[in-house]
Amino acid sequence: MDPIAKNLDPAAKLDTDCAVVPVFARKQLSSAAKALDKATGGLIKTAIENGEIEGKQGQTLMLHAPAKSGSKRILLFGAGTASKLDAASGRAISGAVIKALHASRARDAAVFIEEVSSKKLATETLCQQLAKDAATSAYRYSETVSKPKDAPTLRKLQVNTGLPARAANAALKRGTNIGEGINTARELGNLPGNICTPTYLASQARKLGRKSKNLSISVLEEEQMRKLGMGSLLSVSAGSEQPAKLIVMNYKGAASSAKPYVVVGKGITFDSGGISLKPGAKMDEMKYDMCGAASVFGAMQAVVDMKLPLNVVAIVAASENLPSGSATKPGDVVTSMSGQTIEILNTDAEGRLVLCDALTYAERFKPAAVIDIATLTGACVVALGAHASGMYANQDKLAEQLTQAGETSHDRAWRMPLWDDYQKQINTPFADMANVGGPGGGSITAACFLARFTKKYNWAHLDIAGTAWTGAPKGATGRPVGLLLQYLMDRAGK
């Protein structure tokens, strides 16, 4: 379903399953609500007088309208005080409207939002939010379910904005693209490890590549990685029968001379911990250890669909981490693509081992900036919980840009310290560095490890271990697709 912006017929005459109109604080009716109230003989005012809705943000009330109104239903939504509307208001309003529409079983709806704006909430912003929420709310996991949940009945959503149709439809299209990118990340994250293998991810990249002539795909096999010296990445796949893949998606939406933005995703399609075996409880959730890669796929899909005027390269380091007779052992020393050696003290700290070689590989693209995304450490979950992703950066400007993108998209990240004081924790007498730094500051020392491979470009690391999936209800969230896309849209001037 692609929402459409139109200059609709007056609300009182519109033929639709559901007319959606705002009621403001202190029981003030919008123009559309007044027209519907008159056409229905005071139905809306009666509901208000009975205390069924007051106009507070997040409130909704469904009314069944008489036939003469044109609409089968009227959905009232609280918009609060018009002058105080902001981005948070837009999220609350949009979420409440979309939820109520799905509950109503309406097949089409017309939403009147031309009066729902302020200096802090542009109409375009609300359009984008509505379209994004409509897309994400339609997601259903069905791949391995014999009787999937019913799909939403809502098939058509028209929006009356008061804006020129071109501007409004552009905002709606952006929102749809973002929502669908989030859904792609959720779907890949939710798939079980026996389906979503490194080979499966490579096939999904090739499928995406067929959508656009501007997107080229290359997949490096283990023999090619071996020739490049990616001993760190290959140490992770050593215990698995599934071959590792380094997947490169190269989107060219700008002049060839423009430096690309590079996003790197950790793609551990199942993480048992290797020889340093994880506890059995909740090990099933380790299918989500590729959610960094999933977010990269979701973001790239949206970049292609939006036709962003940027050059963007996505690199996915995909592998399984399993124990076997050929698996890497604690105490083993491997050599990374950069030539730096690593003592592997804990095979369950494998994400940084695949990322470091992918980050070295990223140098060849001469990037404007590199952002890696990974479900890297349980320590980040302890530090920040599920509300914010941990963010580390070697350049203040890049950190500020990502912070702002997170605030705008409400897919927030919090900057953490990347001080040299922590670097000594990963020193070892037997290699250039160890892959873990002890119990203190585990998320920080993981970032310090990656920082040793990113000195030649502007770099940021997003630790999404706390934000990539939820336990109740269980499922991938699609984060931080929203943040990544907002960052890239900001660079493109969108």
Side-chain angles (χ1 to χ4, degrees), residues 2-8 11 20-25 28-33 55-60 75 77-99 101 109-137 157-182 302-303 305-309 400-412 481-494:
D2 288 334
I4 301 171
K6 281 189 173 182
N7 292 319
L8 298 171
V20 184
V21 296
V23 175
F24 292 97
Q28 297 298 307
L29 300 187
S30 61
S31 298
K56 295 179 181 178
Q57 283 177 18
Q59 284 186 324
T60 59
L75 175 62
F77 67 89
T81 303
S83 62
K84 295 182 179 179
L85 289 167
D86 57 14
S89 307
R91 291 191 297 272
I93 290 167
S94 175
V97 165
I98 296 299
K99 182 178 179 181
L101 283 174
V111 186
F112 291 80
I113 60 169
E114 63 271 26
E115 295 175 56
V116 187
S117 65
S118 72
K119 291 181 179 179
K120 293 184 178 180
L121 179 64
T123 305
E124 290 95 328
T125 302
L126 184 54
C127 284
Q128 181 175 307
Q129 187 69 44
L130 277 167
K132 174 190 165 187
D133 288 343
T136 55
S137 65
L157 185 64
Q158 299 180 86
V159 187
N160 198 70
T161 66
L163 297 173
R166 184 174 180 179
N169 278 313
L172 289 168
K173 187 63 175 175
R174 279 196 306 273
T176 299
N177 291 152
I178 294 167
E180 290 175 346
I182 290 170
V303 165
D305 290 341
M306 290 179 183
K307 298 181 174 63
L308 285 186
E400 291 163 4
Q401 290 168 343
L402 287 168
T403 299
Q404 184 56 55
E407 290 293 335
T408 301
S409 62
H410 199 62
D411 187 353
R412 293 175 289 186
V481 171
L483 184 158
L484 293 173
L485 287 173
Q486 187 63 53
Y487 169 79
L488 292 171
M489 289 190 295
D490 289 345
R491 307 286 75 72
K494 293 292 184 179

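Remember, predicted model here, so these are calculated numbers, not experimental data.
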| Please walk me through it: do Ser31 and Glu115 pass side chain to side chain contact (heavy atoms under 4.5 Å, CB included)? | CA-CA 8 Å; Ser31 298; Glu115 295 175 56; 3.0 Å; yes

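- Nearest heavy-atom pair, Ala25 versus Thr81, reported as atom, atom and distance to 0.1 Å: CB-OG1, 3.6 Å.
- Closest approach of Thr161 to Cys127, counting heavy atoms only: CG2-SG, 3.5 Å.
- A donor-acceptor contact shorter than 3.5 Å is absent between the side chain of Thr123 and the backbone of Ser117.
- Among the candidates Thr125, Ile113, Leu130, the single residue satisfying the side-chain contact (heavy atoms from CB on, under 4.5 Å) test with Ser94 is Leu130.
- The CG atom of Leu485 lies 7.5 Å from the CD1 atom of Ile182; values are rounded to the nearest 0.5 Å.
- Of the possible donor and acceptor atoms, one in the side chain of Gln59 sits under 3.5 Å from a partner among the backbone N and O of Gly55.
- Minimum heavy-atom separation, Ala135 to Thr176: CB-O, 4.2 Å.
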| Audit row: Leu75, Thr60, side chain to side chain contact (heavy atoms under 4.5 Å, CB included) steps and yes/no | CA-CA 7 Å; Leu75 175 62; Thr60 59; 4.0 Å; yes

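- The CG atom of Leu484 lies 10.5 Å from the CE atom of Met489; values are rounded to the nearest 0.5 Å.
- You'll find the side chain of Asp86 stays beyond 4.5 Å of the side chain of Ser118, heavy atoms only.
- Summarising the geometry, atom CD belonging to Gln404 is positioned 12.5 Å from atom CZ belonging to Arg412; distances are rounded to the nearest 0.5 Å.
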| request: I would like to know whether Arg91 and His410 meet side chain to side chain contact (heavy atoms under 4.5 Å, CB included); could you show each step before the answer? | output: CA-CA 9 Å; Arg91 291 191 297 272; His410 199 62; 3.3 Å; yes

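- Taking the side chain as every heavy atom from C-beta outward, Lys494 and Leu488 never approach each other to under 4.5 Å.
- In terms of heavy atoms, Ala109 sits closest to Val20 at CB-CG2, 4.4 Å.
- With values rounded to the nearest 0.5 angstrom, Leu483 atom CG is found 9.5 Å from Thr408 atom OG1.
- Summarising the geometry, atom NZ belonging to Lys84 is positioned 10.0 Å from atom CD belonging to Gln57; distances are rounded to the nearest 0.5 Å.
- No side-chain donor-acceptor contact under 3.5 Å links Asn160 to the backbone of Phe112.
- Summarising the geometry of Ser30 relative to Phe24, their closest heavy-atom pair is CB-CE1, 3.8 Å, with the distance given to 0.1 Å.
- Residues Val21 and Ala32 share a closest heavy-atom pair of CG1-CB, 3.6 Å.
- Asp305 contributes atom CG, which lies 14.0 Å from atom CZ of Arg174 (distance to the nearest 0.5 angstrom).
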| task | Please step through side chain to side chain contact (heavy atoms under 4.5 Å, CB included) for the pair Leu85 and Ile93, ending with a clear verdict. | result | CA-CA 10 Å; Leu85 289 167; Ile93 290 167; 4.0 Å; yes

